[in-house]
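One is the number of the first residue; the rest follow in order along the sequence. What's counted below: heavy atoms across the whole structure, side chains too, no hydrogens, waters or symmetry copies.
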Amino acid sequence: MKQHEKVLEDGVLDPETTVVSIFPAPIHYAGPTEVQWHAKARINAGANLYIVDHGKKVLSMAPGLELLNILPFKVAAYDKTQGKTAFFDPSRVKTTGFRFRIRHQGG
């Protein structure tokens, strides 16, 4: 819950109009049907935002989800160099020699 509090503190979402709640329905498989079911269940609970990593195209074409604001998932983690949580920066990824060789061998 602390990460949700931080999102509100930083103004990513407006704390005056945002309700944070726990939705006890984890997605286990997350195929297109399950993603749509979860989105519709959230709409029925009053949500108008849905954050997804994959599946934005499927959700944007699904009937009954036209009013849902679909947001992309952004990876955030604790950044030791900044001493705080930050969004993932792919330019800072270091590839080891082993991983580089595997990737370029097609393995």
Side-chain angles (χ1 to χ4, degrees):
M1 291 303 293
K2 290 187 184 269
Q3 69 186 23
H4 300 305
E5 290 172 7
K6 189 66 177 156
V7 165
L8 295 172
E9 283 177 18
D10 290 352
V12 176
L13 296 174
D14 180 9
E16 294 297 318
T17 60
T18 302
V19 176
V20 178
S21 64
I22 297 172
F23 188 79
I27 296 177
H28 294 290
Y29 170 67
T33 302
E34 189 172 3
V35 171
Q36 290 176 44
W37 181 89
H38 278 267
K40 288 179 182 180
R42 285 174 171 79
I43 289 172
N44 291 338
N48 60 0
L49 297 172
Y50 194 52
I51 301 170
V52 295
D53 187 10
H54 301 291
K56 181 174 182 171
K57 185 174 183 177
V58 170
L59 289 173
S60 64
M61 297 184 310
L65 301 180
E66 297 84 9
L67 299 178
L68 191 61
N69 187 2
I70 303 166
L71 303 174
F73 176 79
K74 292 173 73 176
V75 175
Y78 185 77
D79 185 333
K80 291 180 186 177
T81 62
Q82 295 184 40
K84 64 179 185 174
T85 299
F87 288 115
F88 174 71
D89 180 3
S91 69
R92 292 183 48 207
V93 174
K94 295 180 182 175
T95 304
T96 65
F98 173 76
R99 288 186 178 153
F100 180 84
R101 285 191 303 276
I102 295 297
R103 184 176 298 147
H104 289 84
Q105 290 174 0

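Looking at Gln36, its side chain never comes within 3.5 Å of a backbone N or O of Glu34 through a donor-acceptor pair. The backbone N or O of Val12 sits nowhere less than 3.5 Å from a side-chain atom of Asp10 that would complete a donor-acceptor pair.
Between the NZ atom of Lys2 and the OG1 atom of Thr85 there is a distance of 12.0 Å, given to the nearest 0.5 Å. Between Leu8 atom CG and Lys6 atom NZ the span is 11.0 Å, to the nearest 0.5 Å.
Cluster annotation: Leu71 is connected to Val20 through the hydrophobic network of ILVMFWY side chains, with a link wherever side-chain heavy atoms come within less than 4.5 Å. Under the 4.5 Å side-chain heavy-atom criterion for Ile, Leu, Val, Met, Phe, Trp and Tyr, Phe87 and Leu49 are members of distinct hydrophobic clusters.
Heavy-atom minimum distance, Phe73 versus Ile51: CA-CG2, 3.7 Å. Heavy-atom minimum distance, Gly64 versus Ile43: O-CD1, 3.9 Å. For the residue pair Leu68 and Ala39, the shortest heavy atom distance occurs at CD2-CB, 3.8 Å. Closest of all the heavy-atom pairs between Lys84 and Tyr78 is N-CE1, 3.6 Å. Nearest heavy atom pair, residue Leu13 against residue Thr18, reads CB-OG1, 3.6 Å.
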